[in-house]
Protein chains: 2
Amino acid sequence: AIRCENVHKTYIMGEVTVPVLKGVDLTINQGELTVILGASGAGKSTLLNIIGGIDRPTEGHVYCAGKDLAAMNDRQLTEHRRRNVGFVFQFYNLAPTLTALENVISAVEIADNPMDPLKALDMVGLADRKDHFPSQLSGGQQQRVSIARALAKNPLVMFCDEPTGALDAATGRMALSLLTSLNEKAGTTIVIVTHAEPIARLAHRILRLTMEGLTAEDNPNRG
Amino acid sequence: AIRCENVHKTYIMGEVTVPVLKGVDLTINQGELTVILGASGAGKSTLLNIIGGIDRPTEGHVYCAGKDLAAMNDRQLTEHRRRNVGFVFQFYNLAPTLTALENVISAVEIADNPMDPLKALDMVGLADRKDHFPSQLSGGQQQRVSIARALAKNPLVMFCDEPTGALDAATGRMALSLLTSLNEKAGTTIVIVTHAEPIARLAHRILRLTMEGLTAEDNPNRG
Ligand SMILES: Nc1ncnc2c1ncn2[C@@H]1O[C@H](COP(=O)(O)OP(=O)(O)OP(=O)(O)O)[C@@H](O)[C@H]1O
Ligand SMILES: Nc1ncnc2c1ncn2[C@@H]1O[C@H](COP(=O)(O)OP(=O)(O)OP(=O)(O)O)[C@@H](O)[C@H]1O
Ligand SMILES: [Mg+2]
Ligand SMILES: [Mg+2]
């Protein structure tokens, strides 16, 4: 479904160059749950933003359902994302001037087949927080609202950057089971970036990112 | 060193009241490492902000070295915090218009006995990122810079809200060992809020916060 060919990303800060991705090749298979593992600073968010169409590589190509994302202009990329992609960012996910429920509603406005926004909030255990603004929510509650926002879109592909970082063990398990059941029941393609090894057990395929590069392995414990 | 007596915190949103802390009594002992554990939404950040002097209780008292924080006006509270307290917030820790190094330098300007800012950055493994702005740092790197900022102040008391949430296992262990060694060598009083049980093993004392209230236990594995 998604393919990277020789993807490079180098940041340039004045005279300093910061090479982050150095020729990444990868495949995300349609309908699978893929986990990208790696240490802090390895380049996981950078890679996710590129395959999610939020950022562009310095070199190389990203193909989504056969289409080269580099060939799209910004307006087409934005349209592609709003229709087909659910994104849970590592930080700053929510519009600060909208309540929890309004944040979810705004995400489904353009979706083809959305879930009821209040139901999505209920699935993450926050129906009773629907009228709170982000500043009136705990860290883990904000993270859960951003998960609900992505789930409610019923997207073809979900990209999640550290979706359980702010959650305790029980709440984190609940969030992950929402994702795995979406993958199993709706066939949604899901990519989870995390530094937490236990989450990798849920994956069909595990991609490990280090300063040296990316290696892929199938998870023997999953079909 | 820090004592809470019958601390209540209730948020009021129009006609809705949200009681969060309902009569909390606790003691933070000078020179100890105390961990506050609890699920997402339990009230940990709320409690930490109150004992850290960043927020005021709706009812009850907070005594810091015998002084009632409620008796201080905002200017005195701010002065008390800038001099004596290091704070690692759950989010939004860094000034976005200052580089990593400038962020640490700005924190030590009023400190009595600060560490060299570059040394503090080096201790969290980010000397080579000193000229990056927060938006040019990964999630875990931003979290480590905010830890360096608090460490560099050499404060009497450190308050840390989920200091390892964005860090991989190895980097998280490094951050925690910086905190435990500060506690052991400098005698700094440290309060760590977390939802992660393994961190509690480092504590002299563990305070568990739930919707019902707070319970305290000494850690039998520590002196
Ligand atoms: N805009 C930028 N300019 C310069 N360097 C950057 C920029 N954004 C990120 N970096 C650097 O790129 C590297 C990878 O960043 P990235 O955010 O992808 O890491 P990550 O694997 O997501 O880490 P974490 O687990 O801490 O979130 C980091 O070393 C970071 O300092
Ligand atoms: N300004 C506010 N107005 C109304 N309710 C609030 C406000 N701030 C926090 N709350 C509510 O208070 C409760 C406790 O929030 P707090 O941030 O202290 O939780 P927490 O234990 O730190 O959670 P987490 O582990 O998710 O960070 C939450 O249910 C939250 O919705
Ligand atoms: Mg990241
Ligand atoms: Mg919190």
Side-chain angles (χ1 to χ4, degrees), chain A residues 11-16 18 20 37-49 89-94 96 99 124-126 128-144 161-162 164-172 174-175 193-198 209-210, chain B residues 11-16 18 20 37-49 89-94 96 99 124-126 128-144 161-162 164-172 174-175 193-198 209-210:
Chain A
Y11 292 107
I12 300 184
M13 299 164 48
E15 301 187 359
V16 178
V18 184
V20 176
L37 276 179
S40 171
K44 303 180 297 296
S45 297
T46 299
L47 178 60
L48 196 74
N49 290 342
F89 292 94
Q90 193 168 7
F91 298 122
Y92 314 124
N93 258 303
L94 305 177
T99 63
V124 298
L126 290 174
D128 66 349
R129 289 286 182 269
K130 61 181 174 63
D131 298 325
H132 284 232
F133 290 94
S135 62
Q136 298 170 321
L137 294 170
S138 80
Q141 292 170 343
Q142 290 174 32
Q143 192 162 43
R144 282 185 274 160
D161 197 344
E162 311 274 7
T164 60
L167 304 179
D168 59 85
T171 317
M174 174 199 73
V193 150
T194 182
H195 56 254
E197 288 269 358
L209 186 64
T210 69
Chain B
Y11 292 108
I12 300 183
M13 300 164 49
E15 302 188 359
V16 178
V18 184
V20 175
L37 277 178
S40 172
K44 303 180 297 296
S45 298
T46 301
L47 178 60
L48 196 74
N49 290 344
F89 292 95
Q90 192 167 6
F91 299 122
Y92 313 123
N93 259 303
L94 305 176
T99 64
V124 298
L126 291 174
D128 66 349
R129 288 286 181 269
K130 62 181 174 63
D131 298 327
H132 285 231
F133 290 94
S135 61
Q136 299 170 322
L137 293 170
S138 80
Q141 291 170 341
Q142 291 176 31
Q143 192 163 45
R144 281 186 273 162
D161 197 342
E162 311 273 7
T164 60
L167 304 179
D168 60 85
T171 317
M174 174 198 74
V193 151
T194 182
H195 55 255
E197 287 270 356
L209 186 64
T210 68

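Quick note on labels: first sequence line is chain A, next is B, and so on, each numbered from 1.
Both the backbone and the side chain of A/Ala39 come within contact range of chain B, each with at least one heavy atom under 4.5 Å from a heavy atom of that chain. Using a 4.5 Å cut-off between heavy atoms, A/Ser45 makes no contact with chain B at all. Contact annotation for A/Phe91: only side-chain heavy atoms (C-beta onward) come within less than 4.5 Å of a heavy atom of chain B.
Shown here are the side-chain hydrogen bond (donor to acceptor under 3.5 Å, both in side chains) partners of A/Gln142, two or more places apart in sequence or in another chain: there are none. Residues satisfying the side chain to side chain contact (heavy atoms under 4.5 Å, CB included) criterion with A/Ser138, sequence neighbours excluded, are A/Gln141, B/Ser40.
Highest contact tally toward chain B, considering only A/Gly165, A/Ala169, A/Gly43, is held by A/Gly165 [criterion: heavy-atom pairs under 4.5 Å]. Of the listed residues (B/His132, B/Lys44, B/Gln143), the greatest number of heavy-atom pairs within a distance under 4.5 Å of chain A belongs to B/His132. The residue among A/Gly139, A/Gly172, A/Gly140 with the most heavy atom pairs within less than 4.5 Å of chain B is A/Gly139. With respect to chain B, the highest number of heavy-atom pairs below 4.5 Å among A/His195, A/Met13, A/Glu197 belongs to A/His195.
Looking at A/Arg129 and B/Val18, their side chains come closer than 4.5 Å, going by heavy atoms from C-beta outward.
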